[in-house]
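Worksheet: one structure, shown below.
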Amino acid sequence: MGMRRRDLSKVFSYELECLPPYSFDLTVNKRTRFGVNWYWITPYEKYYKGVMWSGIRLHNDKPVGLKVKATGSLQKPKVLLEVFSEASFSNREEKEIVEIVDRCLGLKDDITSFYMFAEGFPYLKQSVEDLYGMRVCSFPDLFSAVILAITLQMASYGRTERMIKLLYRNYGEKIMFDDVEVTVCPSPTRIADVSEEELKSECNLGYRTTFIKACAEAIVSQKAPTIKELADMKAEEAKRVLMSLKGIGEYSAEVITPHTSFPVDVWSVKIFCQLFKIKIDRSLRAMIPIVKRCASEKFGRWQKYVYTYIINDLDKLSEKFKLDI
DNA sequence: GCGTCCAGGTCTACC
DNA sequence: GGTAGACCTGGACGC
């Protein structure tokens with residue numbers, strides 16, 4: 001395979017505005033699932049002393065290095081972004097990069113309204129206290145979202161992480177900037193060019209291989225929308241379009257969509273039934289639509305925030321609310 | 001140790 | 001318009 005490494009240099013910096021309260025640390029360094037840290041943009045990014053080095057791809061697949069840090073305080077937050085690349089950017093590209101980072105950091109989310117809403121639910125009140133300032137992160141592009149959604153299917157946390165890391169290691173790209181090395185997401189073009197046999201054996205993807213490849217091809221041939229296009233659609237429309245991709249069912253569409261959603265699976269449905277006091281009177285899989293309906297009625301536009309705050313606070317919630325996980 | 005079972009979802013093929 | 005059964009890999013469990 002022999003991954004070439006690109007050396008990038010600084011092109012521009014930008015100060016992003018964000019609505020308080022904002023915790024950069026809790027947002028980019030989510031400690032989900034009992035001490036396990038989840039990545040912000042790539043599993044190979046570096047986070048050290050409040051500074052994040054990560055990388056995205058632009059529309060033309062060109063890798064871009066990001067150095068992001070928060071200055072100021074929870075109540076007077078500022079985010080400083082430095083951008084690295086092999087070549088300079090057009091104004092439009094600069095704008096695209098800033099928009100992606102803004103969205104991935106959830107900077108413009110009206111979190112104060114969510115916190116007021118959360119007052120009405122004891123478990124949310126607790127989570128807000130525990131994770132004060134945390135935002136929901138969006139995805140930089142459709143393909144990285146698709147990779148996560150598909151590798152989450154029918155797999156333990158360990159297996160998901162292994163598949164993702166193999167995909168990034170084998171087919172992603174190494175970039176070096178600010179003396180830090182980061183591996184970015186594979187481009188859909190690269191994955192579309194790899195044979196199914198190779199992809200399957202190199203990344204242990206199992207039957208998910210076909211799904212990943214079909215999605216990569218749909219993106220390359222522009223049959224799939226961009227994240228931005230999905231965001232501009234109505235929520236139901238975005239979900240419908242996502243579900244028309246091979247390997248993307250309801251759960252994956254809800255993981256990927258930039259709109260609010262509640263991506264319950266057979267593992268998390270048990271937790272939500274306990275918190276929402278829903279009686280488990282059938283198989284866990286059959287409980288999923290019931291829990292989803294309940295979440296939609298109770299939480300409306302805050303569903304994704306509710307989901308993320310609960311899932312990221314299970315250590316404390318399970319203790320306090322005696323959850324059987 | 002070695003087989004067997006089945007999972008944190010989706011598709012296909014049947015009603 | 002709804003649902004059983006197959007599907008990769010690999011961890012859990014029975015012997």
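Side-chain atoms are counted along with the backbone in the values below, which use heavy atoms only and exclude waters and symmetry mates. All chains are named by letter (A, B, ...) in the order of the sequence lines, taking the proteins before the strands, and each is independently numbered beginning at 1.
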Show me the donor-acceptor pairs, under 3.5 Å and distance only, between side chains in residues 113-129 of chain A and residues at least two apart or in other chains.
unit_1, atom_1, unit_2, atom_2, d
A:S113, OG, A:D110, OD1, 3.2
A:S113, OG, A:D110, OD2, 2.4
A:Y115, OH, A:G133, N, 2.8
A:Y115, OH, A:Y309, OH, 2.6
A:Q126, OE1, A:K320, NZ, 2.9
A:Q126, NE2, A:D130, OD1, 3.1
A:Q126, NE2, A:D130, OD2, 3.1
A:S127, OG, A:Y123, O, 3.2
A:S127, OG, A:D313, OD2, 3.3

With a 3.5 Å cut-off and sequence neighbours excluded, list the donor-acceptor pairs that the side chains of residues 276-291 of chain A form with protein atoms.
unit_1, atom_1, unit_2, atom_2, d
A:S283, OG, A:A286, N, 3.1

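Distance A:R285 CZ to C:dG2 C1': 16 Å, rounded to the nearest Å. Atom pair A:Y251:OH and B:dA7:P shows a separation of 16 Å (rounding to whole Å applied). Taking atom CZ of residue A:R282 and atom C1' of nucleotide C:dT3, one finds them 15 Å apart after rounding to whole Å.
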Paired and unpaired positions of DNA chain B as dot-bracket, Watson-Crick or G-U wobble under 3.5 Å, | denoting a partner strand | |||||||.|||||||

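Judged as a side-chain hydrogen bond (donor to acceptor under 3.5 Å, both in side chains), and not counting sequence neighbours, the contacts of A:R57 are A:E173. With sequence neighbours excluded, no residue forms a side-chain hydrogen bond (donor to acceptor under 3.5 Å, both in side chains) with A:T260. Every residue two or more places apart in sequence or in another chain that forms a ring pair (Phe, Tyr, Trp, His ring centres under 6.0 Å) with A:F84 is listed here: A:F177. Shown here are the side-chain hydrogen bond (donor to acceptor under 3.5 Å, both in side chains) partners of A:K10, two or more places apart in sequence or in another chain: A:E82.
Residue pairs that meet the salt bridge (Lys or Arg N to Asp or Glu O under 4.0 Å) test with at least one member in residues 83-104 of chain A, sequence neighbours left out, are A:R6-A:E86, A:K95-A:E99, A:D102-A:K108. Residue pairs satisfying the ring-ring contact (aromatic ring centres under 6.0 Å, His included) criterion with at least one member in residues 183-202 of chain A, sequence neighbours excluded, are absent. Every pair passing salt bridge (Lys or Arg N to Asp or Glu O under 4.0 Å) that includes a residue from residues 291-312 of chain A is listed here, sequence neighbours excluded: A:E254-A:K292.
Within 4.0 Å of A:S268, counting heavy atoms only, lies no atom of the nucleic acid at all.
The closest side-chain donor-acceptor pair between A:N29 and A:Y39, if any, does not fall under 3.5 angstrom.
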Contact pattern, 5' to 3', of nucleotides 6-12 of chain C - B, S or - by protein heavy atom under 4.0 Å | -BBBSS-

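Here the separation of B:dA13 from C:dC8, taken at their P atoms, is 15 Å to the nearest Å.
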Between the protein and nucleotides 11-14 of chain B, which nitrogen or oxygen pairs come in under 3.5 angstrom?
unit_1, atom_1, unit_2, atom_2, d
B:dC11, OP1, A:G247, N, 2.8

